[in-house]
Amino acid sequence: MRFDINGEAVDADPAAGQCLRTLLREHGHTEVKRGCDAGDCGACSVLVDGEPVHSCIFPAQRIDGRSVTTAAGLGTPATSDAPGTLSPMQESFIDHFGFQCGYCTAGMVVTASTFTESDLDDLPRRLKGNLCRCTGYRAIDEAIRDGVARAGVARAATTATRAAGAQNLGSTGIRPGIRPADRIAAGDAVGRSAHPPAAERVVAGLEPYTFDLTPDERDGDYAGLLTLRVLGAPHAHARIRSIDTSAAEALPGVVLVLDHRSVSTARFSTARHEHREDDPDDTLVFDDTVRFVGQRVAAVVADSAAIAEAACRLIEVDYEILPAVFDPEQARRPGAPLLHPDRTPAERVDEAGRNVILGIHEGFGDVDAALADAHATVSGTWQTGRVIHAQLETRGALGRIDDDGRLVIRTSSQVPFLVRDELALLLGLDRDRVRVHTARVGGGFGGKQELMSEDLVAIAVLRTGRPVAYELSRREEFTRTAVRHPMRVSVTLGADATGLLTAIKLDVLSDTGAYGNHSRGVLFHACAESMSLYTCPAKRLDAEVVYTNNVPSGAFRGYGLGQVIFAIESALDELAVTLDIDPFELRRRNAVRDGDALRHHHEEPESDLVWGSYGLDQCLDLAETALARGNGVAAPTGWAVGEGMAVAMIATMAPFGHISHVTLTASPDGRYRIGIGTSEFGNGTTTVHTQIVATDLATTLDRIDLHHSDTDAAQHDSGAFASAGITVAGKALHAAALTMARVLRESAASLTDMPFEECVLEPDGVRAGRLIAFPELIAAAPPQWRHGDGLRTDGSELGDQRSLAFNVHAFRVAVQPETGTVRILQSVQAADAGTVMNPEQCRGQVEGGVAQGIGSALYEEVMIGPDGAVENPAFRVYRVPQIADIPVTEVYFADTSDDLGPFGAKSMSESPYNPVAPALANAIRRAIGARPYELPMSRDRVWRLAAGVTVGEAPDA
């Protein structure tokens, strides 16, 4: 058949049952992304004869004689005489910061490119087929509305040009001019809303993600690429008695079959931390005992995905079914099935005989006496559910052997250096014989702080000697990776008549599922800042994390804080109701103040936490003022209205050390090259890192090149987790840039005898009476700074001190008691981010965290069936918020500057998520007079609360 792609004729012979998405990617159009392969997310959207379709469910056989337009074809193509241009919609997405990770963006702009003014009043319905997990949609909404207006102007200009007989500019082909953020003066980038360096490539779909190989890469480094697929376990707990892979191995096109008989490594954890001893060694690449439905049983490597999947179906496995346990409370009782009975405290499993990985039983003061003497007490038990990260790019990796014989892994990871180190350990290789790197990563939210595909790919590459790819499906994301830890949190508070807390008692039970990745760290972190936020003379913590036969839990935005804060902030709100004290005032009376000791479950404060700045007082004032001011949105007639708020505190980096070593090179042409290990996955680090260098070296953003997220790019980087992109990697880069500035100015001083203080950096050199250009500065620099024909400096940050950041969220909601429907009328967040390095980008981080928090609070839950299987492993039945679900959040920043962060900045990626659910729960409680105790607060649960009924009961007639 023949059809057009972006105006070019293509001949193709699609396979039976093939979808348009895979056909387009086979022809090199990697701007068409894979997000779900079910028509649910829109990442694969293209135009067919001008109409938007989800190409993952559009049969390729139907494309004969038709025209396809992808994101790369929306503007005018480049020619030998002129550069290409973006469409007005694509330009608008850049100008309005309408993306973060950008993985959804190509599909989003394709769909939006068809909208007209008449579509804008119905925008939520028109865009319901396109999901974004990162932004919170406000920026997308603004981009689309402005893009539609620009497109109308462009069409009018094109019509006028044609009428005048001038050259056709193309149907969408005029650029609106230089964007304001591109006019940032040299040395003035920090604090400005600079656009991401990859912005134009992202909106055109041309920025490569993990599996977006160029034709040269497919024909070169990845020639002969094999595909890996995994056979999962159908049982929650079973021992493999026998496995027969002979039929699979005999299938033409199968190159390799792997299972527990052919792969032997040491035990490890899929979780990745700077110190691998933070997590239990309880995992094997393949195990002869399966502990959850979906666990790896075997892997097939074949010439194509279809062959690999067919071969998986031919593998015969005989299982001995073992007793399973799914309730974490039952899991730690005597007689419960044991999941890892042979693991020991040396492997970081404290009580394998009780399924307990870690127990914390500590406190200070006499809690029982304080509660007995309290003027008022409040107690309750709160439950949080499983939530999936739902980043639109699924996990996966490609591997190959390079020309030097090194194992090279290209992966969708937040932690390339830690993945390299663990692969080298598991495979018995020297670290310098393994390179791990990423392209742009399509979202993470903690889910890619794991090793979940790279081990299989590495083994397959070493066994076959050929390139291998393993891209997880959306179903595998739900059933084989990790979810947020579900927790049961019991809180008891005591207070005097003025509301001052006299006792805090906390009991936490965390379900880590079948494996302990991140179990210990999440439990510790969940209870630390949530308890130390409030000053109190008596505190008690009893917390345990246990194994069950559920899908594993892992790192998730907030790293456990969201679960425990939900309970503590709900209990505090109930205390405010009991004592008739304003909830903002109750926090002011009890929250830690600048310089206070930070104590959670033991009396000694954390030694590495310091008060680099303090902004909670401002955040409380900002949120309270905004809520009192209102926004003019009225509740529907007959709906109950309530207001609620909550507070969260978070350390600005992970404890026990978070390390980054970076390099910075100056070249004779005045350009700077950053070598840094941090991944970009919507966290905005590539933008802020270039802003740091441009400011420190008095240059412009366009003179900075970035080599990042590659173990060849830097000495070391712990990774992009715990919001460390600015506070760790950015601080290391700041140090390298300041050293470079000093070296250049010292060179100028040595050449001119001018005082060092009077030597001023400029984009083209150093002004020292005269302008000294870079070649002369480089030649005059001491030998220790010389690197090739340029200069190189280094910078390091060890993460040995951490500061604190605060977030306050407030809601005004309306609840329809008859249906349990919750409508958010006003959403406000005040954030203590220190110096805001990039205002629009930081605002987007807050909005995205709020949107994800609303999803966790109202809609999202991974459902587990009675047999332990995930019952809703697809976006169609797992409720990722759409644009219609998320209100505009008013974002306010405290005016603080942190002593530890570069330029006074703090982290602000994870923390906006944490106070959202309790603030929403508190607003619902004040609307309907009944307290929510379980997440998500779905309509059926809210209806039961409002009606005063419990599960299994019928409402009164």
Side-chain angles (χ1 to χ4, degrees), residues 15 22 25-26 34 37 210-211 213 217-233 240 243-265 270 283-288 290 294-317 394-402 405-413 419 422-423 426-429 433-436 451-473 475-477 479-481:
T22 58
R25 289 184 67 88
E26 285 174 3
R34 179 194 189 189
D37 275 351
T210 308
F211 293 92
L213 300 178
E217 287 174 322
R218 285 200 169 273
D219 295 336
D221 289 341
Y222 291 94
L225 182 66
L226 300 171
T227 299
L228 187 148
R229 289 291 184 265
V230 170
L231 174 68
I240 297 175
I243 181 168
D244 185 353
T245 60
S246 57
E249 292 167 332
L251 188 67
V254 170
V255 177
L256 178 69
V257 178
L258 301 169
D259 59 50
H260 71 274
R261 302 168 302 171
S262 57
V263 176
S264 177
T265 66
T270 61
T283 303
L284 294 170
V285 176
F286 292 105
D287 202 322
D288 63 358
V290 296
Q295 181 173 326
R296 299 172 181 174
V297 172
V300 175
V301 182
D303 290 335
S304 71
I307 294 172
E309 290 165 6
C312 284
R313 292 191 291 270
L314 295 175
I315 297 173
E316 296 182 2
V317 186
T394 62
R395 296 164 178 84
L398 303 100
R400 62 184 177 89
I401 301 295
D402 70 9
R406 289 192 306 170
L407 173 65
V408 178
I409 301 294
R410 170 171 164 160
T411 178
S412 178
S413 177
V419 167
E422 194 68 9
L423 287 179
L426 290 176
L427 302 174
L429 300 173
R433 302 305 298 162
V434 182
R435 175 193 173 200
V436 175
L451 192 153
M452 288 187 166
S453 60
E454 299 90 345
D455 55 335
L456 286 180
V457 169
I459 292 167
V461 168
L462 294 175
R463 296 281 181 96
T464 65
R466 292 174 59 182
V468 176
Y470 175 31
E471 182 178 11
L472 274 72
S473 68
R475 183 180 184 86
E476 285 180 294
E477 283 283 328
T479 61
R480 188 170 294 136
T481 61

I need the minimum non-hydrogen distance between [X] and [Y], along with the two atoms involved.
X: Val297; Y: Phe286; answer: O-CD2, 3.5 Å
X: Ala302; Y: Ala308; answer: CB-N, 3.7 Å
X: Val457; Y: Gly399; answer: CG1-N, 3.4 Å
X: Ala397; Y: Ile409; answer: CB-CG2, 4.1 Å
X: Ile307; Y: Pro252; answer: CG2-O, 3.5 Å
X: Thr210; Y: Gly396; answer: CG2-O, 4.0 Å

Exercise for review: Could you check Arg463 against Val263 for side-chain contact (heavy atoms from CB on, under 4.5 Å), going step by step and ending with a plain yes or no?
Suggested key: CA-CA 11 Å; Arg463 296 281 181 96; Val263 176; 4.1 Å; yes
[X] side, atom [atom1]; [Y] side, atom [atom2] - distance, nearest 0.5 Å:
X: Leu228; Y: Leu256; atom1: CG; atom2: CG; answer: 8.0 Å
X: Met452; Y: Thr394; atom1: CE; atom2: OG1; answer: 13.0 Å
X: Asp303; Y: Leu226; atom1: CG; atom2: CG; answer: 6.0 Å
X: Asp219; Y: Leu225; atom1: CG; atom2: CG; answer: 11.5 Å
X: Ser246; Y: Leu314; atom1: OG; atom2: CG; answer: 9.5 Å
X: Glu217; Y: Leu398; atom1: CD; atom2: CG; answer: 9.0 Å

Is there a side-chain contact between [X] and [Y] in this structure, where contact means two heavy atoms from C-beta onward sitting under 4.5 Å apart?
X: Asp259; Y: Leu231; result: no
X: Leu423; Y: Leu429; result: no
X: Arg435; Y: Arg400; result: yes
X: Leu427; Y: Leu407; result: yes
X: Arg25; Y: Phe211; result: yes
X: Glu454; Y: Val434; result: no
X: Thr245; Y: Arg261; result: yes
X: Arg480; Y: Val230; result: yes

Check your understanding: Hey, mind stepping through Asp221 and Arg410 against salt bridge (Lys or Arg N to Asp or Glu O under 4.0 Å) and telling me if it holds?
Key -> CA-CA 12 Å; Asp221 289 341; Arg410 170 171 164 160; over 6 Å; no
**Study point:** Backbone of Arg475 reached by a side-chain donor or acceptor of Thr479 within 3.5 Å
**Key:** yes
Review point. Do the side chain of Arg466 and the main chain of Gly224 share a donor and acceptor less than 3.5 angstrom apart?
Key: yes
Point to revise | Audit row: Ser453, Leu472, side-chain contact (heavy atoms from CB on, under 4.5 Å) steps and yes/no | key: CA-CA 8 Å; Ser453 60; Leu472 274 72; 4.1 Å; yes
**Study point:** Check against side-chain contact (heavy atoms from CB on, under 4.5 Å), Ile315 and Val300
**Key:** CA-CA 10 Å; Ile315 297 173; Val300 175; 4.0 Å; yes
